[in-house]
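Structure, as structure tokens:
In this chain, residues are counted from 1 in sequence order.
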Amino acid sequence: MPTVKQELDLGEEKDLSSIYGRLDTTLKVMEEALGIEASIRGSKVFLQGEEKAVNKAERFIKELNFIDSAGYAINPDDIRFVLKTLDDTSQNDSGLMSPAMENTSSGSLKEYFLSNIPVSSKKKFIVPRSEAQKEYIEAIRKYDMVIGIGPAGTGKTYLAMAMAINALLTKKVSRIILARPAVEAGERLGFLPGDLYEKVNPYLRPLYDALFDMMEAEKAYRLIDKGVIEIAPLAFMRGRTLNDSFIILDEAQNTTSEQMKMYLTRLGFNSKTVITGDITQIDLPAEKVSGLVEAERILKEIKDLRFVYFSEKDVVRHRLVQHIIKAYEKFEKGRSK
């Protein structure tokens, strides 16, 4: 295809370094994703490459400028994932961009960055990094019960935590409850050394990690001490009715059938729950049925809750994680034949 050159002047003699970061990191991400050459001088961006790619880059830069002007800090990793997602969703089966998508793909960038989750943290906000993540956030906003199923690293727990913190900050709920089954010890923790906190803490650590990534540690500990944020093993939910709460059940694939039924019936008034799990990583004894797998079959006809499914394409950890997940899936398929 013919190569074209394009000069884009964003006007107002604006220094674009605030958008693109030191050493033009973000611009290099865009070059790699779209297969073009790009450079910056003052308020001007110079683009060179195939016509469709250059046109897409031009629309992308204009929207990026709009987002930056709205006061949002741009993370190069966010841009990389959004560019990848826009590229995936803007192609038809033949691998070519459809005319309809050509006209709407630029709008999708705004949707991704402006459908953000404000949290009180060093991070100004959290944005979805894939179409499934965007669908997941929208489902949590709309439904009182959302069940996210997919591989590790797809943001299921992280985004649920962000939504929970946002709900607390905006006073939509009065507390956050985070639960996990301590399946490796069969929830019979007596043989482990230490007090109760020391016994269960290793199983709950991933929830603390997500919390502290979004909220200053001092504030988080203060809310934990007050009981506004509660992090506990799933067994502690028994017999309770949870009103005015945002509840997250993590690693739900390791719940038994009885535990899942118990948990699902805890939901009280003005409460939301997000249940997350990876049904390819069940650690229960062979004779035990996963409560998450069973719930998927039992609850699928209920219209007032939502299932959201993730795949390896949604992995937002180190790019190696995505390749590792694909390799294991290929291996396991070959072994099952």
Practice prompt. Please identify each residue that fulfils salt bridge (charged side-chain N to carboxylate O under 4.0 Å, His left out) with Glu294, with sequence neighbours left out.
Written response: none
Discussion item. Ring centres under 6.0 Å, that's the criterion: do Tyr221 and Phe212 meet it?
Written reply: yes
Fill in: Short N-O contact, Lys300 and Glu296, less than 4.0 angstrom
no
Worksheet entry | Partners passing side chain to side chain contact (heavy atoms under 4.5 Å, CB included) against Val4 (at least two apart in sequence or in another chain) | Glu51, Val54
Worksheet item: Are any non-hydrogen side-chain atoms of Phe246 and Val274 less than 4.5 angstrom apart?
Response: yes
Worksheet item: Do Ile231 and Leu211 have side-chain heavy atoms sitting under 4.5 Å apart?
Response: yes
Fill in: Rounded distance (nearest 0.5 Å) linking atom NZ of Lys219 with atom CD1 of Ile229
8.5 Å
Worksheet entry | Audit row: Met262, Thr255, side-chain contact (heavy atoms from CB on, under 4.5 Å) steps and yes/no | CA-CA 10 Å; Met262 177 273 291; Thr255 60; over 6 Å; no
Discussion item. Taking the side chain as everything from C-beta on, heavy atoms only, tell me whether Ile140 gets closer than 4.5 Å to Leu159.
Written reply: no
Item to complete: Determine whether Tyr309 and Val293 fall in the same hydrophobic cluster, where Ile, Leu, Val, Met, Phe, Trp and Tyr are linked whenever their side-chain heavy atoms lie under 4.5 Å apart.
Response: yes
Response to the item:
Shortest non-hydrogen pair, Lys288 vs Thr256, comes out as CD-CG2, 4.2 Å
Discussion item. I need the full list of salt bridge (charged side-chain N to carboxylate O under 4.0 Å, His left out) pairs touching residues 226-239, with sequence neighbours left out, sorted by first then second residue.
Written reply: Glu230-Arg240
Item to complete: Give the intermediate values and the outcome of salt bridge (Lys or Arg N to Asp or Glu O under 4.0 Å) for residues Lys134 and Glu138.
Response: CA-CA 6 Å; Lys134 185 168 173 287; Glu138 290 170 354; 3.2 Å; yes
Response to the item:
Residues at least two apart in sequence or cross-chain that pass salt bridge (charged side-chain N to carboxylate O under 4.0 Å, His left out) with Glu287, listed by chain then number, are none
Discussion item. I'd like to check Met163 versus Ile248 (side-chain heavy atoms, cut-off strictly below 4.5 Å). Are they in contact?
Written reply: no
Worksheet item: Heavy atoms, side chains only, cut-off 4.5 Å: are Tyr143 and Val308 in contact?
Response: no
Item to complete: Check the side chains of Asp314 and Thr154 for a donor-acceptor pair under 3.5 angstrom, ignoring hydrogens and angles.
Response: no
Fill in: Listed partners of Asp278 passing side chain to side chain donor-acceptor pair (under 3.5 Å), at least two apart
Thr280, Gln281
Worksheet item: Where is the tightest heavy-atom contact between Ile177 and Ser245, given as atom of each residue plus distance?
Response: CD1-OG, 4.1 Å
Practice prompt. Treat each ILVMFWY residue as a node, draw an edge where side-chain heavy atoms are under 4.5 Å apart, and state whether Leu305 and Ile279 are in one component.
Written response: yes
Worksheet item: Can you list the residues that meet the salt bridge (charged side-chain N to carboxylate O under 4.0 Å, His left out) rule with Glu135, with sequence neighbours excluded?
Response: Arg306
Item to complete: For side-chain contact (heavy atoms from CB on, under 4.5 Å), just list the numbers for Asp304 and Asp144, CA-CA rounded to whole Å, side-chain angles, deciding distance to a tenth of an Å, and then say yes or no.
Response: CA-CA 8 Å; Asp304 292 334; Asp144 289 338; over 6 Å; no
Discussion item. Please give me the minimum heavy-atom distance between Ser290 and Ala252, naming the atom from each residue.
Written reply: OG-O, 4.4 Å
Discussion item. Please enumerate all residues that pass side chain to side chain contact (heavy atoms under 4.5 Å, CB included) together with Thr273, with sequence neighbours excluded.
Written reply: Met145, Ile247, Tyr263, Leu267, Ile275
Practice prompt. Any chance you could lay out the side-chain contact (heavy atoms from CB on, under 4.5 Å) test for Gln259 and Met237, step after step, and finish with the verdict?
Written response: CA-CA 9 Å; Gln259 287 171 334; Met237 300 296 105; over 6 Å; no
Item to complete: Taking the side chain as every heavy atom from C-beta outward, state whether Ile147 and Leu292 have any pair of such atoms under 4.5 Å apart.
Response: yes
Practice prompt. Looking only at non-hydrogen atoms, find the nearest pair between Gly277 and Gln253 and report the distance.
Written response: CA-OE1, 3.2 Å
Fill in: Minimum heavy-atom distance between Leu249 and Pro181, given as atom pair plus value
CD1-CD, 4.2 Å
Worksheet, complete the sentence: Glu218 meets the side chain to side chain contact (heavy atoms under 4.5 Å, CB included) criterion, sequence neighbours left out, with Arg222
Item to complete: Taking ring-ring contact (aromatic ring centres under 6.0 Å, His included) as the test, write out the residues that go with Tyr136, two or more places apart.
Response: Phe310
Discussion item. Does any part of the side chain of Met30, heavy atoms only, come nearer than 4.5 Å to the side chain of Ile36, both counted from C-beta?
Written reply: yes
Worksheet item: With respect to Lys156, which candidate in Ile149, Val146, Thr276 satisfies the side chain to side chain contact (heavy atoms under 4.5 Å, CB included) definition?
Response: Thr276
Worksheet item: Are Leu242 and Phe269 linked, directly or through other ILVMFWY residues, by side chains that come within less than 4.5 angstrom of each other?
Response: no
Response to the item:
Across all chains, not counting sequence neighbours, the side chain to side chain contact (heavy atoms under 4.5 Å, CB included) partners of Tyr328 are Ile324, Glu332
Fill in: side chain to side chain donor-acceptor pair (under 3.5 Å) against Glu58, all qualifying residues, sequence neighbours excluded
Gln6, Lys62
Discussion item. Suppose the criterion is salt bridge (charged side-chain N to carboxylate O under 4.0 Å, His left out): which pairs have a residue in residues 244-263, not counting sequence neighbours?
Written reply: Arg180-Asp250, Arg180-Glu251
Item to complete: Could you grab the distance from atom OG of Ser257 to atom CG of Leu284, nearest 0.5 Å is fine?
Response: 10.5 Å
Worksheet item: Taking atom types as modelled and ignoring hydrogens, do the side chains of Tyr158 and Gln133 form a donor-acceptor contact shorter than 3.5 angstrom?
Response: no
Worksheet, complete the sentence: Between Glu312 and Pro151 the two heavy atoms that sit nearest each other are N-CG, 4.0 Å
